[in-house]
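Before any comments, here is the structure.
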Amino acid sequence: MSTRTPAVVLLSGGLDSATALALARQTGHICHALTISYDQRHSAELDAAKHIAQHLGAASHRTVQVELRAIGGSALTDDIPVPKSQPPKGHTEQDEPDAGIPITYVPARNLTFLSIAAGYAEVVGARDLYVGVNAVDYSGYPDCRPEFIEAFERAANLGTKLGVEAEHEPWLRVRTPLIDMTKADIIKTGVRLGVDYAHTLSCYDPEDSLACGRCDACRLRTAGFEAAGIADPTRYAVS
């Protein structure tokens with residue numbers, strides 16, 4: 001189904017959010033990309049987001065500053081080392097990071113991001129909010145689960161002006177097109193839609209804009225390209 005209605009797309013600069021933007025564009029939405037700068041250690045993603053928004057034809061791209069480092073509690077927003085390990089040769093997408101909620105979880109990050117995006121959706125008149133969360137290889141983050149997204153959508157429709165004024169169906173729909181996809185399937189989809197993954201950055205601890213190659217995000221990304229049978233264009237600081 002094609003539509004020329006506006007949509008807000010949360011765009012981090014990483015692989016998943018770039019693919020979500022490409023899918024929203026394929027649907028025919030007029031896409032307003034929204035990037036949240038939260039004083040994270042991997043701020044190189046912000047430059048990647050700008051390039052991706054231009055490359056994939058977003059109608060607009062806005063960056064909002066939120067100081068999550070003020071509360072800390074994560075290796076991405078505090079003086080806590082990012083866990084790293086050397087991926088074994090021949091590793092696969094099934095070589096997942098350790099179980100449990102990792103120290104790279106940022107307290108209430110997706111809750112905060114989605115709330116800001118819902119407010120922006122009200123401003124631009126968008127009924128669709130796209131986010132690239134994934135529940136298959138999601139590294140244990142509780143705010144990437146379908147039940148969280150469903151609960152947030154209900155809250156957004158209860159706590160916004162347009163949600164209250166909507167007479168029939170919910171005003172806002174949170175779209176999660178990647179939520180049941182493997183990393184390999186996400187990559188194949190993005191390549192088909194023309195996403196240039198060389199300009200995305202998913203690393204938790206990049207070195208001079210180069211991916212470290214050893215954090216959980218890098219390991220999942222590398223394994224995804226291997227499983228997809230597609231050459232990994234990522235520039236890694238380590239081989």
Side-chain angles (χ1 to χ4, degrees), residues 10-18 20 33-53 61-88 91 95-117 119-120 131-145 148-149 152 178 183 197-224 232 234-239:
L10 276 168
L11 184 66
S12 69
L15 183 153
D16 293 339
S17 68
L34 180 65
T35 299
I36 312 294
S37 172
Y38 58 101
D39 204 14
Q40 68 272 44
R41 71 164 69 219
H42 54 291
S43 59
E45 274 193 344
L46 302 177
D47 292 331
K50 181 178 180 180
H51 178 90
I52 293 162
H61 179 219
R62 179 169 300 196
T63 299
V64 174
Q65 182 75 37
V66 178
E67 297 293 340
L68 292 186
R69 186 172 288 273
I71 63 172
S74 167
L76 304 188
T77 57
D78 213 332
D79 295 325
I80 302 170
V82 172
K84 296 181 182 181
S85 61
Q86 188 66 41
H91 64 283
D95 295 326
E96 297 180 357
D98 295 335
I101 299 175
I103 194 61
T104 48
Y105 160 74
V106 180
R109 179 176 62 180
N110 281 356
L111 182 61
T112 302
F113 286 11
L114 285 168
S115 296
I116 294 171
Y120 189 39
V131 58
V133 295
N134 179 259
V136 175
D137 49 12
Y138 73 122
S139 300
Y141 298 122
D143 53 3
C144 290
R145 297 175 298 167
F148 165 72
I149 298 297
F152 176 83
L178 315 183
K183 191 67 74 179
Y197 288 121
H199 293 285
T200 64
L201 183 66
S202 305
C203 181
Y204 291 147
D205 193 20
E207 305 170 21
D208 296 325
S209 298
L210 300 177
C212 74
R214 294 182 290 124
C215 68
D216 286 352
C218 283
R219 291 170 61 196
L220 284 171
R221 181 182 173 114
T222 302
D232 185 355
T234 310
R235 296 183 303 149
Y236 291 105
V238 296
S239 58

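Quick caveat: nothing in here was measured; it's all calculated off a predicted structure.
One distance of note links SG of C212 with CZ of R219; it measures 10.5 Å at 0.5 Å rounding. Put simply, CZ on R62 and CD1 on I36 are 11.0 Å apart, with the number rounded to the nearest 0.5 Å. For the atom pair CG (L46) and OG1 (T63), the distance works out to 6.5 Å, reported to the nearest 0.5 Å. Atom CZ of F152 is separated from atom CD1 of I149 by 8.0 Å, given to the nearest 0.5 angstrom.
Here the closest non-hydrogen pair linking L220 and K183 is O-CG, 3.7 Å. When all heavy atoms of L11 and A33 are compared, the closest pair comes out as CD2-CB, 3.9 Å. Minimum heavy-atom separation, C144 to A135: O-CB, 3.9 Å. Taking every heavy atom of both residues into account, C203 and P206 meet most closely at SG-N, 3.5 Å. For the pair T234 and A211, the tightest heavy-atom approach, listed with the atom from each and the gap, is CG2-CB, 3.8 Å. Of all the heavy atoms in I101 and G140, the pair that sits closest is CG1-O, 3.4 Å.
With hydrogens and angles left out, the side-chain atoms of R109 and S74 include no donor and acceptor closer than 3.5 Å. No hydrogens or angles considered: nothing links the side chains of T112 and Y38 as a donor-acceptor pair under 3.5 Å. Using modelled atom types and a 3.5 Å distance limit, the side chains of R235 and S209 yield no donor-acceptor pair.
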Before you tell me yes or no, could you show the steps for T35 and H61 under side-chain contact (heavy atoms from CB on, under 4.5 Å), namely the whole-Å CA-CA distance, both residues' side-chain angles and the distance that decides it to 0.1 Å?
CA-CA 8 Å; T35 299; H61 179 219; 2.7 Å; yes
Hey, mind stepping through Y141 and T104 against side-chain contact (heavy atoms from CB on, under 4.5 Å) and telling me if it holds?
CA-CA 9 Å; Y141 298 122; T104 48; 2.6 Å; yes
When you look at C218 and K84, which way does the side-chain contact (heavy atoms from CB on, under 4.5 Å) test go after all the steps?
CA-CA 9 Å; C218 283; K84 296 181 182 181; over 6 Å; no
Worked check of side-chain contact (heavy atoms from CB on, under 4.5 Å) between Y236 and T222:
CA-CA 10 Å; Y236 291 105; T222 302; 2.7 Å; yes
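In this structure a side-chain-to-backbone donor-acceptor pair under 3.5 Å is missing from S12 to S17. The main-chain N or O of Q65 is never found under 3.5 Å from a side-chain atom of S37 such that the two would form a donor-acceptor pair.
Counting heavy atoms from C-beta outward, F148 and L114 have side chains that approach closer than 4.5 Å. Side-chain contact between L111 and D143 is absent, with no heavy atoms from C-beta onward closer than 4.5 Å. In this structure the side chain of Y204 never reaches within 4.5 angstrom of the side chain of P83, judged on heavy atoms.
A side chain to side chain donor-acceptor pair (under 3.5 Å) with R221 is found for one member of D216, T200, D16 and no other, namely T200.
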Side chains of residues 75-82: which donor-acceptor pairs under 3.5 Å do they make with residues two or more places apart or in other chains?
from, atom 1, to, atom 2, distance (Å)
D78, OD2, G73, N, 3.2

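Residue pairs meeting the salt bridge (charged side-chain N to carboxylate O under 4.0 Å, His left out) criterion with at least one partner in residues 36-51, sequence neighbours excluded, are D39-R69, R41-D205.
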